[in-house]
Amino acid sequence: EASTNILLSALTQNGRLNDAKSVFDRTRQRNVVTWTTLIAAFAQNGHLGEARQLFEAMPQRNIVSWTTILQGFVVLPDVDEAANVFFSMPGRDPVAYNAMIVSYADSGRVLEARALFDEMKQRDTVSWNTIVQAYAQNGHVDQAAFTFDRMPQWDVVSWTAMVTGHAQAGHALQSWEFFVFMKQRNVVSWNGIMNACALTGNILGSKQIFQKMPQWDEISWTSLLAGYAQNGKLLEAEELLVDFPSDD
RNA sequence: UAACACCAGUUAUGA
């Protein structure tokens with residue numbers, strides 16, 4: 001039955017929702033993971049109705065199944081339904097809190113996001129990153145920086161959030177400083193600083209970063225292209241298109 | 001402090 005769940009997981013990861021559903025329907029031995037895997041698949045594709053039906057039909061739910069349905073409303077987005085689920089849950093762990101904080105942040109309700117954060121018994125690094133990002137994306141980079149300074153520990157996500165947060169506020173220098181001070185960088189950090197340059201009008205910097213970065217993904221290419229386009233560098237954009245990687 | 005092949009939930013980058 002673990003093997004069924006592995007199959008289900010593989011199918012949903014490849015977007016084969018229908019196949020996943022039919023496998024689910026044909027299996028007799030379902031456990032909470034079987035159910036939750038399918039619920040997550042529906043929820044991640046915006047099919048909250050189906051997800052909710054399964055959620056209500058499942059014989060027993062645990063905190064992961066609750067958080068899965070919660071997350072479905074977070075990404076929809078439907079902050080009120082998300083809050084509904086969140087406050088109905090039999091128990092809340094940091095993962096559930098973090099998801100709900102994101103929902104408040106995405107709808108501009110920073111104070112409520114902060115209130116939840118303060119109310120948490122245990123905060124993990126994701127919690128801190130989430131509240132830092134909540135401030136940054138709502139135009140309070142100063143608060144984001146203040147909170148960042150008080151975090152017990154940082155990871156690559158924390159640093160990258162500050163790089164992009166400052167860039168969005170137009171603080172090119174601070175953005176760059178955070179990038180330089182980072183101990184570990186991944187492709188997201190590199191994409192972030194490249195976009196930071198473009199955002200603050202330094203498209204030449206974007207190009208240089210693109211050339212220097214150790215690895216690229218689709219977002220790296222799209223970012224540079226967008227940077228050119230938004231700064232009126234149409235010739236450069238066309239040149240870049242020639243070298244664009246294709247996905248087959 | 002990580003590796004030894006992934007059964008489900010939360011945070012950072014572009015369009």
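- U10(B) and G14(B) have their C1' atoms separated by 22 Å, given to the nearest Å.
- Ring pair W190(A)/F210(A): centre-to-centre distance not below 6.0 Å.
- You'll find the ring centres of F179(A) and W159(A) outside the 6.0 Å limit.
- Nucleotides C4(B) and A8(B) are separated by 15 Å at their P atoms, to the nearest Å.
- Between G9(B) and U13(B), the two C1' atoms lie 23 Å apart (nearest whole Å).
- Residues V187(A) and M162(A) fall within the same hydrophobic cluster, defined by Ile, Leu, Val, Met, Phe, Trp and Tyr side chains chained together at heavy-atom separations under 4.5 Å.
- In the displayed structure, Q184(A) atom CD is contacted under 6.0 Å by at most 12 heavy atoms of other residues, nucleotides or ligands.
- Taking the ring centroids of F178(A) and F148(A), they lie under the 6.0 Å cut-off.
- Going from the C1' atom of A5(B) to that of U1(B) covers 22 Å, rounded to whole Å.
- Annotation: F117(A) is in aromatic contact with W128(A) [ring centroid separation under 6.0 Å].
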Sequence-aligned protein contact record of nucleotides 8-15 of chain B, with B where the base is within under 4.0 Å of a protein heavy atom and S where only the sugar-phosphate is = BBBBBBBS
